[in-house]
Structure formats: structure tokens, C-alpha cells
2 protein chains.
Amino acid sequence: MARRADTIELAVLGLLHEGPMHGYELRKRLNLMLGWGRVLSYGSLYPALKKMLRANLITEVAGPATTATRRPRITYEVTPAGTEHFQRLMSEVGPTAWEDDNFDIRFAFFSSTDMEIRLRVLEGRRSRLQERLARVQGELERTQAEVNRYAAELQRHGVESVEREVRWLSDLIKAERGGDAHPAPAPTPHD
Amino acid sequence: MARRADTIELAVLGLLHEGPMHGYELRKRLNLMLGWGRVLSYGSLYPALKKMLRANLITEVAGPATTATRRPRITYEVTPAGTEHFQRLMSEVGPTAWEDDNFDIRFAFFSSTDMEIRLRVLEGRRSRLQERLARVQGELERTQAEVNRYAAELQRHGVESVEREVRWLSDLIKAERGGDAHPAPAPTPHD
DNA sequence: GTTAGCATGTAAGGAGTTACATGATTTT
DNA sequence: AAAATCATGTAACTCCTTACATGCTAAC
């Protein structure tokens, strides 16, 4: 997967803004966040943390000494430079912002951005999904047609899922525009 | 992404069972199939084809001479060994069969398998999704709770999507069991 | 005639997983 | 006492993408 290193960086900075954390915990939270697909390995996370330390985006802090029993866990904190970097990354609207993984992370930390940015990211994401939809549906007219029931069913389900996500995004955009406090009051009871 | 090479192999073999094809076309079909996420590059496909040629799973065949005008495209065909390999891969039930990308490809070529295999793959996939669901929901009780509205909304949407997929799988399983010819008559008109 | 799409490849490089290595602590 | 979970890392390896290289053919 191209360019997930940036994604990890963004996610780590975002999480550390909720408070200091050590690597192990960071990993769990990360997996919970983008954990619907792949799982993040230590071989990925720790080197990324080291890199961020070198770049002075985060610092190591000793545990608060309250827990003297535990093995000294290395707890990380964001530096001012880290905060600045985070804000800059979050303000970057552009293709990278609405690619699958990146979008999820950005969305999760939307609280740290202005509504203007939020709207542009949500709309960008929606456009991208609609493009995909159009391309696939156009392609489907030419190709296979009815051969292979299972492949067709998979396509159908895929299209439906994307359409669903488009509707989700539309609801969120409407909520943002309406200045609504709730991101999605879920007026559509599923099923 | 770990182990997608096998996925490409499986997909190529499956597609070539629908008839001979050249690389460029293969790529388009493949992207249409697993194209909801990443796009397959030539740098991935052609080396894979070369490898399969060496392994004697496929052979090059000259274009049917009908199109003498075109640049000679290299058209590929499955060998008997390729067919055998494909059947073996498709019969392998196990964790790799119900991981995201792998599942999609296997599902697309379900016509080439027995119902028994199909059921085991569908059920395996469903179990895996349900485990994920349980793990996430358990985790959610401990962590964040109400902090960060956007992150919570993302989780909610994620959970809902997976629940939806579980229902889809259940319908398919029921259809398979009932000996129904249609994989999903869609008794649930969406929205 | 030039742009866009068809068509096939290779080389370099990045990104991340697997497997390995180590050790403390809590639960069974 | 053993097993599971917490906790931190590193090295090798795999895989894939990006970018490059080449040339034909159809449309504008």
C-alpha cells in the first residue's frame, strides 16, 4: 500500500493530542481505527516513532512515577513542532486526503480542523467515489454482462456498498452545512 | 499488502478460464474485479505472468491471425497444469481464503467450485467478520466512549458496514443451502 | 500531425510484514 | 508453574508502485 507511512504519522500525532501514550497502546488504538482492513505491526510502528522522534515531532517522557512497579514504558508526547505539523497535514486538501486509509484518519480527527476543510475533504471523497462508480458501471455495460453469476453478484454488492457510502457522505455534508452539532443523526434506521 | 501475489495468480488463472486474453485486457478485468481499493500496475502484472509462464501454468499463444493489422499481442492460455493448480487453490479452505482481497477473488470464481467449498468459505468469511465486530465492540466499551464525535461516527459507520456484509453473507449461505439458483434475489430492496 | 489510448516491459526504490529476540507481569 | 498479555525493538525479505523506455494505432 503506497504511502501509508504518512498515514501512520498523522494518526500518531492525532492520537497523542488526546494525551501521552506508549507504543503498545498507540498500536491498539490505531488498529481499532483503521483496523477494518490490515493490522499495523510493531515492525511498522516503532520505526515510525523513531523517525518522528528524530524529526522532533514527538518526545519521550518517563511514566508519571505513580506506577513504579511496571517496566518503564516509553511514553510519547507531541512537541509544539508536532502540533504544527499535524495542523498543516490536516489542512492539506488534495487527492491524498480522500484516499481510503487517509480519509478515515483525517475524518477521525476532524475536530481539529475548520468546517471549510472538513467540507472540502468530504466533498472530495464523495466525488472520488462517484467517479469510481461511474467508471465501473460504464465498464460493466461493455464487459461480462450476464456471464458468471457470482462475479456479477460481487459487483452488485460492491456498487451498493459504495452508493451507501456516498449517501453517508451526503448526510455528513448536509449536517456540516446546516451547522448541525451531530455528524449524522441517522434518520435512516438500517435494514 | 501481504501475499497479494497469490491473489493475482488465482485471479489470472480464473480469468483465463473464460478464454485466452492478453496482459492489457487481463489488467483491466482485474482492476474491475478488485478495483474498489488499489489498482494493479503493469509492474505487478507482467512479472507475475512471466513467473506463471516459467511455472508452466499458462502458455503464450499467437493472436488468431484474423487481426493481422494489430501489433502482435501476446495472448495467454491456461495449461492443464494451470487448471489443476487453479482447482487446488480454489479448494483450499482456510484463513487465507476469507481475507479481504482473497475472498473477493474466490467468490468471483465460485462457479468453478463445489457447493461444499463455497459454503465453508462463506461461513469462514462470516465468522471472521463477526469476530472483528465482537472485538471492536468490546474494545469500544473500554476506550473513548463519547469523546471525539467524528471518531465515534466513523466507528459507527464501520460497524454498520460490517454488519451489512454479514447479512449479505447470511443471505448467500441460505441461498446455497436452499439450492437456490440465484445467489441473492435481493429480498431487501435497499433504502 | 499530434494527442490519446493500446500494448509490453524493466529497474529502482519504498513500505510494511514476518520472524526473531528479549523480558516483565498478570491470570489461570 | 504455565500461559497469556504487556512491552519494545531489529533484520531480512517480499511485494508492489513509480518511473522510465518503447512503439503502434486510432481519432481529432
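Below, chain A is the first sequence line, B the second, and so on; all start at residue 1.
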Return the value, rounded to whole Å, for the distance between atom [atom1] of [X] and atom [atom2] of [N].
{"X": "Glu25(B)", "N": "dT8(C)", "atom1": "CD", "atom2": "C1'", "value": "15 Å"}
{"X": "Arg73(A)", "N": "dT26(C)", "atom1": "CZ", "atom2": "P", "value": "11 Å"}
{"X": "Asn31(A)", "N": "dC6(D)", "atom1": "CG", "atom2": "C1'", "value": "15 Å"}
{"X": "Leu26(A)", "N": "dC6(D)", "atom1": "CG", "atom2": "P", "value": "15 Å"}
{"X": "Met21(A)", "N": "dA7(D)", "atom1": "CE", "atom2": "C1'", "value": "16 Å"}
{"X": "Leu45(B)", "N": "dT8(C)", "atom1": "CG", "atom2": "C1'", "value": "10 Å"}
{"X": "Leu49(A)", "N": "dG16(C)", "atom1": "CG", "atom2": "C1'", "value": "15 Å"}
{"X": "Lys51(A)", "N": "dA15(C)", "atom1": "NZ", "atom2": "P", "value": "7 Å"}

Which residues satisfy the side chain to side chain contact (heavy atoms under 4.5 Å, CB included) test with [X], sequence neighbours excluded?
{"X": "Ser127(B)", "answer": "none"}
{"X": "Leu53(B)", "answer": "Ile58(B), Glu60(B), Tyr76(B)"}
{"X": "Pro47(B)", "answer": "none"}
{"X": "Arg27(A)", "answer": "Asn31(A), Val39(A), Tyr42(A), Leu45(A)"}

Task: Contacts of type ring pair (Phe, Tyr, Trp, His ring centres under 6.0 Å), residue His157(B), not counting sequence neighbours - done: Trp168(A)

TODO: Compare the minimum distances between each of dG16(C), dA7(C), dT5(D) and the side chain of Tyr24(B), then state the nucleotide with the smallest one.
DONE: dA7(C)

Task: Degree of bending, the helix from dG1(C)-dC28(D) to dT28(C)-dA1(D) (end axes from five pairs; round to 10°) - done: 40°

Open item on the list: Between Glu163(A) and Arg167(A), does any side-chain N to carboxylate O distance fall below 4.0 Å?
Closed with: no

Task: Sequence-distant partners of Ser161(B), side chain to side chain donor-acceptor pair (under 3.5 Å), two or more places apart - done: none

Give every pair of a protein N or O atom and an N or O atom of nucleotides 9-12 of chain D that lie under 3.5 Å apart, one pair per line with the distance.
| unit_1 | atom_1 | unit_2 | atom_2 | d |
| --- | --- | --- | --- | --- |
| dG9(D) | OP1 | Lys50(A) | NZ | 3.4 |

Task: Closest non-hydrogen atom pair between His85(A) and Leu13(A), with its separation - done: CD2-CD1, 3.8 Å

Task: Residue list, salt bridge (charged side-chain N to carboxylate O under 4.0 Å, His left out) with Glu25(A), at least two apart or on another chain - done: none

